[in-house]
Amino acid sequence: QLQLVESGGGLVQPGGSLRLSCAASGSIIRTYAMRWYRQAPEKQRELVAHIDRGGDTNYADAAKGRFTISRDNAKNTVDLRMNNLKPEDTAVYYCNVELTTILRPTAFEIWGQGTQVTVSS
């Protein structure tokens with residue numbers, strides 16, 4: 001069964017750090033782009049960071065200099081290290097992975113269930 005499981009969210013004070021992790025499991029042949037999105041209350045979901053299979057990264061302006069995305073192709077995992085967190089980073093964070101599987105050899109995307117990050121004193 002194909003799954004995308006996120007972990008690492010929680011409550012942190014402004015200026016603090018968190019590390020989000022996302023693991024894909026199932027009959028995976030290959031993972032391609034891996035991304036983190038976030039959605040704050042009453043706002044649209046937005047892309048936070050992107051990493052391709054070769055390790056090239058892109059970040060939203062709000063994340064540049066504070067967040068770092070990384071991946072392990074052998075383990076089908078992607079992490080998001082967030083430093084110097086601000087109250088405006090409060091949101092549900094979602095992992096998104098483009099991949100192929102034994103049953104679906106054409107690349108498609110799957111989403112994680114989301115993990116809450118709250119930045120508050």
Nearest heavy-atom pair of [X] and [Y]: which atoms, and what distance?
{"X": "K43", "Y": "Q39", "value": "O-NE2, 3.1 Å"}
{"X": "K86", "Y": "R66", "value": "CG-NH1, 3.8 Å"}
{"X": "G8", "Y": "L18", "value": "O-CD2, 3.8 Å"}
{"X": "R19", "Y": "S70", "value": "NH2-OG, 4.1 Å"}
{"X": "S120", "Y": "P14", "value": "C-CD, 3.6 Å"}
{"X": "Y59", "Y": "K64", "value": "O-CE, 3.3 Å"}

Side-chain heavy atoms of [X] within contact of [Y], under 4.5 Å:
{"X": "R81", "Y": "S17", "answer": "yes"}
{"X": "M82", "Y": "D89", "answer": "no"}
{"X": "R35", "Y": "E98", "answer": "yes"}
{"X": "Y93", "Y": "E6", "answer": "no"}
{"X": "T31", "Y": "R71", "answer": "yes"}
{"X": "C95", "Y": "W36", "answer": "yes"}
{"X": "T115", "Y": "S7", "answer": "no"}

Between [options], which is the residue that forms a side chain to side chain contact (heavy atoms under 4.5 Å, CB included) with [X]?
{"X": "V12", "options": "T90, T118, L85", "answer": "L85"}
{"X": "I69", "options": "N58, D79, I51", "answer": "I51"}
{"X": "I28", "options": "I102, L99, V97, I110", "answer": "L99"}

Say you draw a straight line from [atom1] of [X] to [atom2] of [Y]; how long is it, rounded to the nearest 0.5 Å?
{"X": "T100", "Y": "I29", "atom1": "OG1", "atom2": "CD1", "value": "4.5 Å"}
{"X": "Q113", "Y": "L4", "atom1": "CD", "atom2": "CG", "value": "7.5 Å"}
{"X": "R38", "Y": "R45", "atom1": "CZ", "atom2": "CZ", "value": "13.0 Å"}

**Message:** Grouping I, L, V, M, F, W and Y whenever their side-chain heavy atoms are under 4.5 Å apart, do L20 and F67 come out in a common cluster?
**Reply:**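 Result: yes, single cluster for both.
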**Message:** If hydrophobic clusters are built from ILVMFWY residues whose side chains come within less than 4.5 Å, do F108 and V78 share one?
**Reply:**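 Yes; tracing contacts between hydrophobic side chains, which count when under 4.5 Å, links both residues.
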**Asked** Is the closest side-chain donor-acceptor distance between R53 and Y32 under 3.5 Å?
**Response** no
**Request:** Using a cut-off of 6.0 Å, state whether more than 12 heavy atoms not belonging to E88 lie near its atom CD.
**Result:**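 Counting other residues, nucleotides and ligands, CD of E88 exceeds 12 neighbours.
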**Prompt:** In terms of ring plane angle, is the pair W111 and Y94 parallel, tilted or perpendicular, where the classes change at 30° and 60°?
**Reply:** perpendicular
